[in-house]
Amino acid sequence: MKKIAFTLMCLVMLAAGAVYAEDDPIAGLTGETITFFSPQYGKVLRIDGDTVFISAAPRGKDPLKPGMRLRVMREGEPFKHPVTREIIGKIETPMGKIEVKKVNTDTPSEAVAQIVAGEARVGDTVRLSDTKVRMLFCQDKAIDWYISDDYYRRLKTSDRIEMVDTALDTVDEPKLLAEAKRLGAEVALALTARQQDKTTFMRARLYWVSDGVPFFDREIKISMDASKDLKFGDSLFVPRLGEAMTHYDMPYRGRLIAAGDVDGDGKQEILISNGKDVRFYAAGIDLKPLWEIKGSVLDDHLWLDTVDLNGNGKDEVVITSMRNSQVYSSIYEFAGEGFKLLWEGKYFLRRYGNGLIAQAYTDADGFSNDVLKVTWNGGFRTGEKLRLPKGVNIYDFVTLEGAGREPLVFAYDEKGYLNLYDEKGTRVWKSSKNTGGFISTFKKTVTVAYLDPEEWSIKDRLLQTQREVMVVYRIPLADAVKAAGYKSSKIKSYWWNGIAMEEAVTIDSIPGSVLDYAVAGDKVIVLTNPFLGVKFDNILKGESPLGSTLSIYSIKGR
């Protein structure tokens, strides 16, 4: 009876799903979007100036439609089988690109197109291949995450779209197209929404990135009930707060992590430092090892960053180290199969927005010098001084937009509390609790033997995504004895609403202690040390218990 009841319940659910699918606006929007990239094959019939008349047949289920772009290919010399000398094909040369403007309603296989690049001749082949199209997906901050994510997933799981993720938080057309070009996308999608009564109207716009031409603009209506269904369904399949999308067990102790496109291929690599060497990986089902920057035995890495300061499309790798009680920073750039050193100096370097900042160090005073911007003009040079509150150093802070011209400063203090300073450097807010302590702590040199040396700490990374700032919190095993270790961690987000600081938990219940973390698009990559520093499961399996764990969390829609 239970089996029969379960079968009936499944049939009811399938029937309900089928009814809903018939009136699923996001499914309809997804279908419309994908049709622009349906494979086609045909010939150029005649030409009138830049106007091209073609005949083409679909290689899939979708016919020609206005907005499609097809490649123009020209046949050349035949090539023969090396043994039988039979002709097995002809060499094709790409000649240009055309955009379909009008499809013949009586004969859908015939259309009028316009040349957008290169040239075309009568008899040339026109083709839209079956390779995936690289699409940059960018959504407005105000849109409901459950709605946009449903659309995003349907596109990503189709066989026509390769998604290009971005941290861009605006659908402003010039910025959107500039970002899409930087990341090597062919198509840019801008998603916005508006509310009217109890209905959401979601609008999708598509652009060809090469020349910024819009070719699709559609607004769909999503009722409140449909929105609730999406939210309910999403909660069943998406990792809950604190549940990672994937984990990787590292065979060594990692210390620092960063993400960046170091080889300029439009994809971000993951960088992990073990304190002396930096290893590079491509993320996938497994972490694929790529390259390595070998450090000196004297190096003790303090900070790791990536930034494209010289504007050549490849992120430089910035490593700050303690070496013989002195702080050095090195800047490397990928060159072929390895890395070359571009610059090295006695500064602590850190990414700041899309640039770099620097601060000098002395073993007696630690960091007490000015924080300076670093510029590129055929070489790396220090320049303008940053205005910061007293006692705030290079690794302590980020800036937030305030009411005035000068930004607000959001910073740690030495005890691990968070502080907000106004344009005049006056503290206007302080967190009620500290963040649990820092990983890297050092003692200053003292000249008088009976004095205890003061300590200074490298603070945890403060990462900005859109208008929020992420902060690591560590929960010690025992509040009174932090040296006993950390049982778990969390990442919280803070934002300034114009009147006060607000906060929320972004990732909860992270096992062990967070060593470092990075943001890559809509994902947070977290490097952790296991509870008490030992992976007890590995001991039982006969494996090394001293490695670290890399976990990837999704923050899409925040």
Side-chain angles (χ1 to χ4, degrees), residues 167 255-262 271-273 275 278 293 295 299-310 315-323 326-333 341-362 365-376 380-389 391-400 407-414 416 418-419 421 435 438-442 456-465 469-472 514-520 525 527:
R255 181 185 294 183
L256 301 167
I257 190 169
D261 179 12
V262 300
L271 296 66
I272 301 178
S273 163
V278 177
I293 296 177
D299 284 344
D300 184 11
H301 292 174
L302 304 177
W303 202 268
L304 181 64
D305 258 327
T306 62
V307 64
D308 182 16
L309 194 63
N310 60 15
D315 283 336
E316 293 92 70
V317 179
V318 184
I319 304 170
T320 298
S321 305
M322 178 73 80
R323 190 185 304 161
Q326 294 295 318
V327 171
Y328 290 81
S329 285
S330 308
I331 302 177
Y332 293 87
E333 184 172 80
L341 180 65
L342 299 182
W343 180 91
E344 188 169 79
K346 287 188 176 182
Y347 286 97
F348 190 118
L349 290 187
R350 194 203 102 190
R351 179 169 181 157
Y352 178 65
N354 291 320
L356 279 175
I357 52 177
Q359 188 177 22
Y361 165 85
T362 63
D365 298 322
F367 291 94
S368 58
N369 297 292
D370 293 336
V371 178
L372 308 172
K373 289 185 179 180
V374 177
T375 60
W376 169 265
F380 296 95
R381 296 175 174 83
T382 54
E384 180 185 351
K385 171 185 171 182
L386 264 67
R387 292 180 56 189
L388 295 172
V392 173
N393 289 303
I394 187 167
Y395 43 75
D396 292 338
F397 77 97
V398 292
T399 53
L400 305 174
L408 306 176
V409 175
F410 183 71
Y412 287 108
D413 62 25
E414 286 301 321
L418 297 164
N419 302 268
Y421 300 90
T435 56
F438 304 112
I439 298 294
S440 300
T441 299
F442 302 87
W456 62 276
S457 299
I458 301 291
K459 311 300 194 301
D460 291 311
R461 202 182 295 266
L462 296 170
L463 283 178
Q464 289 178 283
T465 171
V469 181
M470 293 186 185
V471 180
V472 171
V514 171
L515 300 170
D516 197 8
Y517 66 119
V519 171
I525 307 168
L527 187 67

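In this text the structure is predicted, and so the values were computed from the model without any measurement. Counting from 1, the numbers follow the sequence of the chain as shown.
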Practice prompt. With sequence neighbours excluded, tell me which residues meet salt bridge (charged side-chain N to carboxylate O under 4.0 Å, His left out) with Asp305.
Written response: Arg461
Discussion item. Test of understanding: with ring-ring contact (aromatic ring centres under 6.0 Å, His included), list the residues that count as partners of Phe410, not counting sequence neighbours.
Written reply: Tyr494
Worksheet item: Is Tyr421 close to Leu388 at the side-chain level, that is, under 4.5 Å between some pair of heavy atoms?
Response: no
Item to complete: Tell me yes or no: between the side chains of Asp370 and Gln359, is some donor less than 3.5 Å from an acceptor?
Response: no
Worksheet item: Can any side-chain N or O of Arg381 pair as donor or acceptor with the backbone N or O of Trp376 at less than 3.5 Å?
Response: no
Fill in: Under 3.5 Å: donor-acceptor pair, side chain of Asp315, backbone of Thr306
no
Discussion item. Within the structure provided, determine whether Ser321 and Val327 are in side-chain contact (heavy-atom separation under 4.5 Å).
Written reply: no
Item to complete: Could you pull out all residues at least two apart from Asp308 that satisfy salt bridge (charged side-chain N to carboxylate O under 4.0 Å, His left out)?
Response: none
Discussion item. Taking the basic N atoms (NZ, or NE/NH1/NH2) and the acidic carboxylate oxygens, is any pair closer than 4.0 Å for Asp396 and Arg350?
Written reply: no
Worksheet entry | Beyond-backbone contact of Ile331 with Glu316, side-chain heavy atoms, under 4.5 angstrom | yes
Discussion item. So Ile394 and Tyr347, do their side chains get closer than 4.5 Å, heavy atoms only?
Written reply: no
Worksheet item: With sequence neighbours excluded, what pairs up with Tyr352 under the side-chain hydrogen bond (donor to acceptor under 3.5 Å, both in side chains) test?
Response: Thr399
Fill in: is_close_aromatic(Trp303, Tyr395), centroid dist under 6.0 Å
no
Worksheet item: Who are the salt bridge (charged side-chain N to carboxylate O under 4.0 Å, His left out) partners of Arg351, not counting sequence neighbours?
Response: none
Worksheet item: Do Lys459 and Phe438 meet the cation-pi criteria used here (NZ or CZ under 6.0 Å from the six-membered ring centre, within 45° of the axis)?
Response: yes
Worksheet entry | Closest non-hydrogen atom pair, Ile357 against Val374 | C-CG2, 4.0 Å
Fill in: Contacts of type side-chain hydrogen bond (donor to acceptor under 3.5 Å, both in side chains), residue Asn310, not counting sequence neighbours
Glu333
Discussion item. So which atom in Trp343 and which in Ser329 form the shortest heavy-atom distance, rounded to 0.1 Å?
Written reply: CZ3-O, 3.6 Å
Item to complete: Of all the heavy-atom pairs spanning Leu304 and Val278, show the shortest one and how long it is.
Response: CD1-CG2, 4.1 Å
